[in-house]
Amino acid sequence: MASIQEFEKVLDKSDQSIAAFEDRSLLRKVQHFLHSTPAAVPFIVLVSAIIIFGVTIGGKFFSSYTLTLILQQIAIVGILAAGQTIVILTAGIDLSIGVVMVISAVIMGNFAVTYGLPSPVAILAGLVAGGLCGLLNGFLVAKVKLPPFIVTLGTWYIVMSTNFIYSANETIRETDVAANAPFLHFFGNSFKIGSAVFTIGVVTMVILVLILWYALNHTAWGRHLYAVGDDPEAAKLSGIRTDRVLLGAYSLAGVIAAIAAWVSIGRNGSISPSAAVTDYNLQAVTAAVIGGISLFGGRGSILGTLIGAMIVGVVSMGLNMLGADPQWKVFLTGVLIISAVAVDQWIRKVAS
């Protein structure tokens, strides 16, 4: 008995710490930093692009006119990308978001100009239409359990054809909008801060992103959205109504697309149904992916999405000012997308 007690005394004095192995290499630390700060990579890319074009083009590139013009050009895509980000964070995708924007604009224009209804009623009709399109996507994904890619590819065709049938492919001219429903041009109004010119559309884009950033990072809804995108089964077991989260995400994306529609009317002046054939869908996905939003869901910052849209705008403006072939913009965009996904895969290894 005495020997057992002596043995226990020796154990009490021994080192009871558990062996730990930690990779303290600089590369590993960088990997951890980028994993915890999703917007860091796109921010570094944006600053690098600004410096490169600034050195190449000169002081003209840094003028307030150039920088604010970039913001004006990305306002529509930036808002669409914010809606796309909400969906991608759930590990989904919305290929119809661009045509939802177009049909919402067409509805607003027809209600106000063709039918003579008050502008607020026309805008509300457009917002409802956008929300219903998103709700349809959400229902098919959340309730019917169909793949988001297939669902939104199908609704892209449906909404685009409905847009052309409803509008008879007739453009509503800027002069008609200005005469009958000037409030539809609200987001095209501008104001000056020093020599910089900003439009209400640009301000709306920034405010929308900041609101969504707060909601995603400081509300239960945001935590649920990330949880569903990261691991839907684990989220369901923890009590999260995953179907409700998905319905809400796609519906909100539809409403945001309708807000982008109103901004596009202010930006473009006229309302053209044929805008449905443009690549707004791909531009929104591009801004989100370049901005560090993981296509696998559950990771990324919506601030990164805004930065991603700015990267595309800076590259486009810089190449235009250099007089480069427009195809170089397409080429560099492809390189940026592949690089962004590769970096995301590398960063995700930290969590695995």
Side-chain angles (χ1 to χ4, degrees), residues 76-111 114 122 125-172 243 246-265 267-268 270-289 293 295-297 305 309 312 330 333-334 337:
I76 300 170
V77 172
I79 293 172
L80 279 179
Q84 188 70 259
T85 296
I86 300 301
V87 174
I88 294 178
L89 285 174
T90 66
I93 195 166
D94 188 354
L95 297 177
S96 67
I97 196 167
V99 291
V100 170
M101 178 194 78
V102 175
I103 197 171
S104 297
V106 168
I107 288 172
M108 290 179 188
N110 275 284
F111 272 54
T114 307
L127 293 172
V128 170
L132 288 175
C133 290
L135 183 62
L136 174 61
N137 286 333
F139 175 79
L140 294 173
V141 171
K143 298 295 186 180
V144 187
K145 307 298 182 185
L146 297 178
F149 183 90
I150 300 300
V151 165
T152 56
L153 179 62
T155 54
W156 174 68
Y157 281 108
I158 293 170
V159 174
M160 182 167 63
S161 59
T162 303
N163 163 62
F164 287 124
I165 293 168
Y166 169 69
S167 65
N169 201 18
E170 293 182 357
T171 298
I172 301 175
D243 54 347
L246 290 172
L247 280 169
Y250 283 91
S251 299
L252 179 59
V255 172
I256 290 174
I259 294 173
W262 188 6
V263 174
S264 73
I265 297 172
R267 169 74 178 160
N268 301 323
S270 61
I271 303 170
S272 174
S274 57
V277 300
T278 57
D279 59 347
Y280 280 118
N281 303 315
L282 292 179
Q283 289 178 30
V285 174
T286 298
V289 172
I293 304 299
L295 286 172
F296 301 97
T305 296
V312 175
V330 180
T333 300
I337 290 172

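Between Ala284 and Val77, the shortest heavy-atom contact is N-CG1, 4.3 Å. Scanning all heavy atoms of the two residues, the minimum distance from Ala253 to Val87 falls at CB-CG2, 3.7 Å. Looking at every heavy atom in both residues, Ala258 comes nearest to Gly130 through CB-CA, 4.3 Å. Closest heavy-atom contact between Thr171 and Ser270: CG2-CB, 4.2 Å. Between Ala142 and Leu246, the shortest heavy-atom distance links the atoms CB-CB, 3.8 Å. When all heavy atoms of Ala105 and Ile271 are compared, the closest pair comes out as O-CG2, 3.6 Å.
The distance from the CG atom of Asn137 to the CG atom of Asp94 is 5.0 Å, given to the nearest 0.5 Å. Atom CD1 of Ile172 sits about 12.0 Å away from atom CE of Met108, to the nearest 0.5 Å. Here CD1 of Ile256 is found 7.0 Å from CD1 of Ile97. Values are rounded to the nearest 0.5 Å. Note: Thr286 OG1 to Gln84 CD = 9.5 Å, rounded to the nearest 0.5 Å. Atom CD1 of Ile150 is separated from atom CD1 of Ile93 by 11.5 Å, given to the nearest 0.5 angstrom. Atom-to-atom distance recorded for Tyr250:OH and Thr90:OG1 is 5.0 Å, nearest 0.5 angstrom.
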- Decide side chain to side chain contact (heavy atoms under 4.5 Å, CB included) for Ile107 and Tyr166; before the verdict, give the C-alpha distance in whole Å, the side-chain angles of both, and the deciding distance to 0.1 Å. CA-CA 9 Å; Ile107 288 172; Tyr166 169 69; 4.1 Å; yes
- Output, in order, the C-alpha distance, side-chain angles, deciding distance and verdict of side chain to side chain contact (heavy atoms under 4.5 Å, CB included) for Thr155 and Leu136. CA-CA 9 Å; Thr155 54; Leu136 174 61; 4.1 Å; yes
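Checking Ser272 against Ser274 by side-chain atom types alone, a donor-acceptor pair falls below 3.5 Å.
Here the side chains of Val151 and Pro148 are not in contact, with every heavy-atom distance at 4.5 Å or above. Within the 4.5 Å cutoff, the side chain of Ile76 has heavy atoms near those of the Arg267 side chain. Side-chain contact between Thr162 and Ile103: present, with at least one pair of heavy atoms (C-beta onward) separated by less than 4.5 Å.
Within a 6.0 Å sphere centred on OH of Tyr157, other residues, nucleotides and ligands contribute 12 heavy atoms or fewer.
The main-chain N or O of Lys143 is never found under 3.5 Å from a side-chain atom of Asp243 such that the two would form a donor-acceptor pair. Distance alone, capped at 3.5 Å, places no donor-acceptor pair between the Thr114 side chain and the Phe111 backbone.
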